[in-house]
There are 2 protein chains.
Amino acid sequence: MLDFAILGLLMERPRHGYELRRALGELGFWKVSFGSLYPSLRRLEKRGAIKATKVSGRRKAYEITREGIAIFDTLLSTNPEATETDRGFQVRLAFLGHLPSDRRIQVMDRRRRELSTQLKTAREILIEARSATKNEDRYRIALMEHSMQSTEADIAWLDGLVAAERGVASAT
Amino acid sequence: MLDFAILGLLMERPRHGYELRRALGELGFWKVSFGSLYPSLRRLEKRGAIKATKVSGRRKAYEITREGIAIFDTLLSTNPEATETDRGFQVRLAFLGHLPSDRRIQVMDRRRRELSTQLKTAREILIEARSATKNEDRYRIALMEHSMQSTEADIAWLDGLVAAERGVASAT
DNA sequence: CTCCAACTATATCGTTTCGATACATCAGTA
DNA sequence: TACTGATGTATCGAAACGATATAGTTGGAG
């Protein structure tokens with residue numbers, strides 16, 4: 001997951017650790033900790049996916065290797081048989097530009113279907129919960145409602161992205 | 001985090017493991033894995049915060065002890081000096097009903113301030129990112145925008161909750 | 001009435017990720 | 001010069017994850 005994200009960022013250009021962390025953080029959905037970052041870099045180095053070069057002072061720039069590019073491509077184009085985690089999807093989306101347009105739409109469509117399923121069960125659970133409420137659980141209900149609304153917003157957002165992608169695809 | 005959540009659910013009534021997992025999952029923001037759940041139950045048992053009683057077949061019902069209630073109260077009323085994680089706040093919110101009304105508002109207000117700060121930096125980052133875009137990163141920008149919108153929605157939602165809480169408070 | 005598929009339920013294993021902390025370098029500034 | 005704050009690499013112990021094993025229970029189809 002983090003390994004994949006790092007490879008994705010390094011596809012663009014070499015970066016050092018701290019910069020990778022910042023770049024990931026700027027996407028907004030994941031504040032990676034140092035305790036995740038450096039072990040991940042070690043893993044990738046050991047697999048030969050990246051290589052480090054001392055730059056200045058203590059700084060090390062990491063660049064992706066041919067091997068690393070191959071790994072990244074495999075990870076990107078293999079979407080898992082089980083439902084992806086929220087973060088898993090978001091990371092995938094961050095690098096969706098590396099996939100051909102039709103594959104992009106496939107990935108987003110699939111996510112859309114999964115979210116719709118979730119939404120349906122969430123609705124049922126909410127109805128059930130509302131009828132059994134002891135007023136003590138006001139905040140629990142509020143949490144469920146908000147989570148549903150977030151999912152709805154996510155779906156709408158995805159629809160927008162898919163529409164845009166189709167627009168670009170038909171324009172070419 | 002999970003320990004706290006489990007104690008919170010057990011404050012209500014005894015439950016077995018699987019049920020705890022379901023109840024947590026139904027809140028919508030956290031699908032707890034078995035690999036988290038059972039170790040957490042062991043931890044709590046060892047601390048004397050909960051105790052298990054065999055029910056039927058393999059089922060075990062867990063109930064909270066006096067000690068456990070004390071731990072829960074401490075965790076609930078101590079909010080951390082550093083910024084809480086998203087999930088941390090959501091779990092806290094789930095059990096906010098156990099706090100007096102004025103403390104509830106404090107907790108939510110604080111969260112609101114933190115989100116506002118995040119939002120401000122996110123806005124700056126987005127502006128910067130938009131000007132440097134290579135079109136390759138279309139999806140990265142989309143991700144940032146969506147994350148900002150989610151934060152805005154979260155703030156609005158919090159405002160609603162605070163308003164409702166004030167309403168209840170003044171009605172009593 | 002039995003078999004079997006699906007669901008409920010507990011548990012563990014190896015790995016990833018987290019949060020806290022340490023520590024070093026460098027820039028600005030008081 | 002000395003301090004403060006931002007940048008940068010690193011590690012430690014603990015928490016959480018995802019996959020998998022296994023077993024009991026239940027409801028429906030043959």
Side-chain angles (χ1 to χ4, degrees), chain A residues 1-7 14-27 29-47 49-50 52-62 75 78-91 121, chain B residues 1-7 14-27 29-47 49-62 75 78-91 121 124:
Chain A
M1 179 78 265
L2 180 50
D3 296 23
F4 174 59
I6 288 176
L7 290 178
R15 292 170 140 106
H16 56 262
Y18 199 83
E19 204 185 344
L20 286 165
R21 180 172 182 265
R22 187 182 336 99
L24 242 16
E26 286 178 352
L27 295 179
F29 59 87
W30 191 8
K31 311 290 164 224
V32 180
S33 73
F34 294 121
S36 311
L37 179 69
Y38 289 103
S40 174
L41 288 171
R42 294 299 146 265
R43 276 196 301 272
L44 288 168
E45 239 178 335
K46 200 151 40 173
R47 288 216 290 171
I50 63 176
T53 34
K54 271 248 182 38
V55 179
S56 76
R58 320 177 70 219
R59 284 235 294 277
K60 287 181 190 173
Y62 294 94
L75 292 174
T78 311
N79 46 354
E81 65 307 341
T83 302
E84 236 170 353
T85 59
D86 291 1
R87 212 149 71 187
F89 173 73
Q90 294 188 95
V91 170
T121 52
Chain B
M1 178 77 265
L2 179 51
D3 296 24
F4 174 58
I6 288 174
L7 290 178
R15 292 171 141 107
H16 56 263
Y18 199 82
E19 203 185 344
L20 287 165
R21 181 173 180 264
R22 188 184 331 101
L24 242 16
E26 285 177 352
L27 296 180
F29 59 87
W30 192 7
K31 311 290 165 220
V32 181
S33 73
F34 294 121
S36 312
L37 179 69
Y38 290 104
S40 174
L41 288 170
R42 295 299 147 266
R43 276 197 300 274
L44 289 167
E45 238 178 335
K46 199 152 40 174
R47 288 215 294 174
I50 62 176
K51 92 172 143 46
T53 35
K54 270 250 182 36
V55 178
S56 75
R58 320 176 71 217
R59 285 235 295 276
K60 287 180 189 172
Y62 293 94
L75 291 174
T78 311
N79 46 353
E81 68 302 346
T83 301
E84 236 170 352
T85 59
D86 292 1
R87 211 147 74 187
F89 173 74
Q90 294 187 93
V91 170
T121 51
E124 287 161 12

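Every chain is numbered from 1, with letters handed out A, B, ... down the list of sequences.
The stretch residues 35-42 of chain B comes close to DNA chain C through B:G35, B:Y38, B:R42, each having a heavy atom under 4.0 Å from the strand.
The nearest whole Å value for the distance from the NZ atom in B:K46 to the P atom in D:dA14 is 10 Å. Summarising the geometry, the separation between CG on A:L24 and P on D:dG8 is reported as 16 Å, rounded to the nearest angstrom. Rounded to whole angstrom, the span from the NZ atom of B:K31 across to the P atom of D:dG18 amounts to 12 Å. Following rounding to the nearest Å, B:F34 (CZ) and D:dT22 (P) show an atom-to-atom distance of 16 Å. The separation between A:W30 atom CH2 and D:dC17 atom C1' is 12 Å, rounded to whole Å. In this structure, A:R21 atom CZ and D:dA10 atom P are separated by 14 Å, rounded to whole Å. Atom CG of A:L20 and atom P of D:dT7 are 15 Å apart (whole Å). Going from atom CG of A:D3 over to atom P of D:dC17 covers 18 Å, rounded to whole Å.
Of the residues near DNA chain D, B:R43 and A:R22, the one whose nearest nucleotide (by heavy atom distance) lies more toward the 5' end is A:R22. Residues B:E81 and B:Y62 each lie close to DNA chain C; by heavy-atom proximity, the contact nearer the 5' end of the strand is made by B:Y62.
One distance of note links OG of B:S33 with OH of B:Y38; it measures 11.0 Å at 0.5 Å rounding. The CG atom of B:L20 sits 5.5 Å away from atom CD1 of B:I6, with the distance rounded to the nearest 0.5 Å. The CG atom of A:L2 sits 6.5 Å away from atom CZ of A:R43, with the distance rounded to the nearest 0.5 Å. From A:S36, atom OG reaches atom NZ of A:K31 across 13.5 Å, with rounding to the nearest 0.5 Å.
Put simply, A:K60 has a side-chain N or O that comes within less than 4.0 Å of OP1 or OP2 on D:dA10. A close approach under 4.0 Å does not occur between any side-chain nitrogen or oxygen of B:R87 and OP1 or OP2 of D:dA16.
From the 5' end on, the contacts that DNA chain C makes with chain B at under 4.0 Å to a non-hydrogen atom open and close at C:dT8 to C:dG19.
Taking each heavy atom of A:G17 and A:L37 in turn, the nearest pair found is O-CD2, 3.4 Å.
Comparing D:dA10, D:dA16, D:dT7 against the side chain of B:M1 picks out D:dA16 as the nearest.
Heavy atoms of other residues, nucleotides or ligands lying less than 6.0 angstrom from CZ of B:R42 number more than 12.
Comment: B:R22 does not engage B:E19 in a salt bridge, judged by the lack of any side-chain N to carboxylate O separation of less than 4.0 angstrom.
When side chains are defined from C-beta on, B:L27 does not count as touching B:Q90, because their heavy atoms never get closer than 4.5 Å.
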Tabulate below the donor-acceptor pairs under 3.5 Å that side-chain atoms of residues 82-89 of chain B make, not counting sequence neighbours, or state none.
from: B:E84; atom 1: OE2; to: B:R92; atom 2: NE; distance (Å): 2.6
from: B:E84; atom 1: OE2; to: B:R92; atom 2: NH2; distance (Å): 3.1
from: B:T85; atom 1: OG1; to: B:G88; atom 2: N; distance (Å): 2.9
from: B:D86; atom 1: OD1; to: B:R111; atom 2: NH2; distance (Å): 3.3

